[in-house]
Amino acid sequence: MKKYDHKKIEKKWQSEWAKAKIYNAKEGASAKGMKKFYPLVEFPFPSGAGLHTGHVRSYTAMDVVARKHRMEGENVMYPIGWDAFGLPTENYAIKTGRQPAAVTKENTDNFRRQLKSLGLSFDWLREVDTTDPKYYKWTQWIFLKMFEKGLAYKAKTEINWCPKDKIGLANEEVVNGRCDRCGTLVEKRVKEQWMLAITKYADRLYDDLDTVDYLERIKIQQRNWIGRSEGAELGFAVRVGGKALADKVKVFTTRPDTLFGVTYVVVAPEHPLVSTLEYKNKTEVAAYVAAARKESDIERTDAKKEKTGVKLEGVSAVNPANGEEVPVFVADYVLGGYGTGAVMAVPAHDERDFAFAKKYDLPIRHVVEPSFEKNEGKDATRKGQPFVERNAVMCLIKHWDKDEFLCSKWKSNDWQGFVTGGIDGAEDEGATAVREAAEETGYTGTKYVRTVGTVHSKFYHDVKRKNRYAHFKVVYLELASGAQKPVAEDEKNLHDVVWVPRDRVRDFVNRPDLKAAWDLFADGCYVGEGVLVGSGKFSGMDADGAMKPITEFAGGKWVTTYKLRDWVFSRQRYWGEPIPLIHCEKCGWVAVPEKDLPVKLPAVKKYEPTDTGESPLSAMTKWVNVKCPKCKSPAIRETDTMPQWAGSSWYYLRYVDPKNSKKLADPKKLDYWTPVDWYNGGMEHTTLHLLYSRFWHKFLYDIGVVPTAEPYKKRTSQGMILAEGGEKMSKSRGNVVNPDELVETYGADTLRLYEMFMGPFDQAIAWDTKSMIGPRRFIERVFAFGQRPTRKGATLSKETGALLQKTIQKVTADIENMNFNTAISSLMILLNAFEKEDAVPRADLESFLKLLAPLAPHMTEDVWHELGNKKSIHIAPWPVADETKLEDESVTIVVQVNGKVRASFIVAKGTDKNVLERTALGLADVKKWVGEATPKKVIIVPGKLVSIVV
RNA sequence: GCUGGAGUGGCGGAAUUGGUCUACGCGCAGCACUCAAAAUGCUGUGGGCGCAAGCCCGUGUGGGUUCGAGUCCCACCUCCAGCACCA
């Protein structure tokens, strides 16, 4: 018997596959009639550290999918390449005094060797490298097209500057105020930078998510990042020392319905008004602004930080709805970069304004009264029936001693709330509340303290059979003592009274109107829906419905704003694509003519970044000084380079036609291969890379280069692999698992199988080298089983035969759904069954091997050939389940007595219900529990169970 | 705080429309093989009580719906991820 030797087997088949070219996608005539399948994984940044376990997980998963589709007869293109520009290489090169290109070459060679050792079925003829001038020629070309269309523009912006990397960062590269790469606190600098107008595509990037098959959480994150919100832009006239200014200050609000509740206006420290206006306390304000701007984003945007601000003395803003003059503040809780950089403050209905108003003792004016309508349950309002209006009180009664409130729990339904009651005629709310409290609870010592507000509630009155519209005055009462008189019987039968601690009240009451009443009392700020009051002619209107009318009335306009910012595209570094533009005194910014592309990176001796923020390329006078392509007068090159995101924004298109020197890719090939059918990658790329590449793709679609509006049909994400113990793997912690060593000791097949088996693919999971022994044993058992002699004319037992068919179905579906762990488990179960058979027919063994082939390609190939096959298993047809053999002939029927399993029996499939019942009741184990009694009820689920109720 | 997702043996994790909870793997225990060990094979392995047959309890907590709940409903607790003063 041959012993399983992974090194020998894996080396042998990897070279056989390369010779036979079975993993190269078919083109032209040989592809005719074949359905194409384009799976994609994120191409790696070839770091010096080599491949990590996360790469293996993602690449193996798509490899399994790719292999299955290949066996299903599809024309599969599974490509790979190198996202090789980037800071780590440059930093490493600087440290070691070497050329980045040389370092890159070394790293990609190592990555290629590692990937090949895993037996991944990549089409190596399509390898791309973003640092290859033949590749980045087209990155530059796309940029120039954007420049042509006005999507690339230079702007003086405050940029995020990383003092350690000496580089400007995009907003997306700043995480919690720190540099995404090195963790250094980010500073702000003003610099002229190239920008890409991704915000022009915001709507389409948002809306087209509906047309693609991404994991829901990915879509949510993208929408979140784009942050689209609709609202009103309103103009407030500005007055300084009583005189009106020509320009109004524009504010953005999503709640124009609260316009009559504005008690002040706030502008961001960056707002032009702050510096351009003349007012009394300008020095004080200037000091505040300077302090605010010095703060890092992380300090400034901490929501928990106490709000600060300064009033602009002598400046006021005029409410466009009612002409009221309100003070103007500058405060850093308003962000300069969002909306208009100014807000109208409505402390009564916005938490942030409320906090600010409390601190600076500003007036709070309520213009929305909570209002709710019951829409479900038996007390839901009845359509078409009139409402009977009723004035009522809602009593918040505080304990005489403890910090608890008196609540009531209805007996007839699941309501939990406060004491309520109708206001009779002339009685005021205070008197009513005191009376109702005594009647319902017996407590006689209540004292009226204050009326908190009003809450409206529409519901169906069950007893009176009428729609009711109740207007509750929320009244706060305090008990002086626990004095109590007896409660009338009819009240007692309605509800129980309970004392609820203050911090539990909100959760205890279970209707939105009650919760709103509590919020008004406990907080004073109400942000929910309701009905307008004190809002001129809009009073009485539903707040939501009043948004647009009020906007119109105030002369504002309805607008959409985004959190998404334009993309800062310049980097002051060496190791990136040069931005192909030339600056001429006469002509301004001029594109490098297409025939002169690519603009190659010059060989430089010294390419350290500079403290001045100038690109290292700026020192290359020979390279920098050129002639203007238009007027031929002396001009200079742009010395900034592109960010790493550039090359990765379109690489999936180049795979389609990687050697094309005339075009980015042949349109016919793009027509055939794009869009990508399935793109798997890390969650960390959902907001940056995925959004950027969708943006570039849409642009290329607009200029007719690509045939579809979206680049990726489907997007999935693998969970992160953590170190043993659940921490993140990192070099500094020294807990990184090296795939090379695992391939060496366990073999690629075992590593692949383990990574696919360790847990659900989309979940984070801790590494556990000990557990690799399981998959390794399985592989050895299969290998040994393949050498077991088969007998002529052997057949599987009925059960194992059915199990094989079931396994075919399960593995087929599981791979497609990325449930690799359960696919492997069902293959293990099948092997267990095979081993118990006297003999397994060769065809059945081969079906099993084929199901396993995508997961463990080397070992299965070896066994496959040992069985006498001449062509590769990886191009053999994928098994199809034989439905006729699928069904077991007999089924186990479970018998439950009063819901507990007491017995089971086996019958032929399709046995009659009556027979099942009789058989069940006849079992000794069942009789024991049923006894002499006649069952009250017998429930029979054919083919499953009999449930007896006694 | 908001938005998603998840809590099941010693561990990673399985469980069609609600229908025998813990598949598969790891680990552990016993046995076989061996001079011995490793490897391998076989058997067992949720907790409690019991000599046993067996019974009771068990999917984060507390309620509910149902003949029957890991699965559905309500409330709560914990953990993970993303966003976070976005007006």
Side-chain angles (χ1 to χ4, degrees), chain A residues 176 215-221 223-225 227-229 231-232 251-256 258 266 268 300-305 307 331-335 337-346 349-353 355-356 414 416 504 507-508 510 527 561-564 683-684 686-687 719-720 726 753-754 757-760 762-768 770-775 777-778 780-781 784 819 821-832 835 892-904 925 928 935-941 943-950:
Chain A
N176 291 331
L215 288 181
E216 199 50 38
R217 58 184 171 142
I218 295 175
K219 289 192 186 183
I220 289 167
Q221 273 195 35
R223 290 204 185 99
N224 211 325
W225 194 264
R228 179 161 81 182
S229 69
V251 302
F252 173 72
T253 178
T254 53
R255 291 293 301 274
T258 61
V266 192
R300 177 160 163 200
T301 59
D302 183 0
K304 287 174 211 91
K305 194 185 81 168
K307 307 233 172 325
D332 66 359
Y333 80 90
V334 172
L335 306 174
Y338 182 77
T340 59
V343 303
M344 61 181 220
V346 188
H349 305 292
D350 181 277
E351 297 279 0
R352 295 150 302 180
D353 298 340
F356 191 80
D414 58 358
Q416 298 187 150
R504 301 272 309 159
D507 291 328
F508 179 83
N510 59 5
V527 297
T561 54
Y562 307 89
K563 283 197 236 177
L564 186 71
M683 256 340 253
E684 69 273 21
T686 30
T687 44
M720 217 196 316
L753 207 61
Y754 169 67
F757 183 62
M758 64 196 297
D762 58 352
Q763 269 171 45
I765 197 154
W767 187 267
D768 182 22
K770 280 202 313 289
S771 292
M772 284 184 72
I773 192 70
R777 280 180 193 150
F778 174 66
E780 285 181 18
R781 273 167 61 205
N819 295 325
N821 54 335
T822 52
I824 293 165
S825 131
S826 63
L827 286 166
M828 287 170 168
I829 293 169
L830 184 61
L831 179 67
N832 290 346
E835 283 176 339
T892 306
I893 304 290
V894 171
V895 188
Q896 294 182 351
V897 181
N898 286 343
K900 294 198 180 207
V901 177
R902 296 300 184 187
S904 66
D925 280 341
K928 196 165 74 190
K936 275 188 203 143
K937 198 172 172 187
V938 178
I939 293 145
I940 295 161
V941 183
K944 282 241 171 81
L945 68 96
V946 178
S947 183
I948 300 159
V949 189
V950 288

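Just so it is clear: chains get the letters A, B, ... in the order the sequence lines come, proteins before strands, and each one is counted from 1. These figures come from a predicted structure and were not determined experimentally.
- At least one donor-acceptor pair closer than 3.5 Å links the side chain of Asp350(A) to the backbone N or O of Asp353(A).
- A heavy-atom distance below 4.5 Å is not found between the side chains of Gln896(A) and Ile939(A).
- Counting atom types as modelled, Lys307(A) pairs a side-chain N or O with a base atom of C85(B) as donor and acceptor under 3.5 Å.
- For the pair Val266(A)/Lys307(A), no side-chain contact is recorded, criterion being any heavy-atom separation below 4.5 Å from C-beta on.
- Dashed line: the shortest gap from a side-chain N or O of Asn821(A) to OP1 or OP2 of G25(B) is not under 4.0 Å.
- Residue Gln896(A) has its side chain nearest to C67(B) when only C67(B), C55(B), A23(B) are considered.
- Not a single donor-acceptor pair under 3.5 Å links the side chain of Arg781(A) to the backbone N or O of Met828(A).
- In this model, the phosphate group of A23(B) is not approached by any side-chain N or O of Asn832(A) to a distance below 4.0 Å at OP1 or OP2.
- At a cut-off of 3.5 angstrom, counting only N and O atoms as typed in the model, there is no donor on one side facing an acceptor on the other between the side-chain of Glu351(A) and the base of G1(B).
- For RNA chain B, the stems formed by at least three consecutive Watson-Crick or G-U pairs, with both atom-pair distances below 3.5 Å, span B:1-7 with B:77-83, B:10-12 with B:24-26, B:27-32 with B:40-45, B:46-49 with B:54-57, B:60-64 with B:72-76.
- For a distance-only test at 3.5 Å, the side chain of Ser771(A) fails to qualify as a donor-acceptor partner of the base of C26(B).
- Of the listed nucleotides (U3(B), C85(B), A14(B)), A14(B) has the atom at the smallest distance from the side chain of Pro760(A).
- For the OP1/OP2 pair of C26(B) and a distance below 4.0 Å, the side-chain nitrogens and oxygens of Lys770(A) include no atom meeting the criterion.
- Spacing of P atoms, U71(B) relative to U17(B), comes out at 14 Å, to the nearest Å.
- Here Arg777(A) reaches the OP1 or OP2 of U40(B): one of its side-chain N or O atoms lies under 4.0 Å away.
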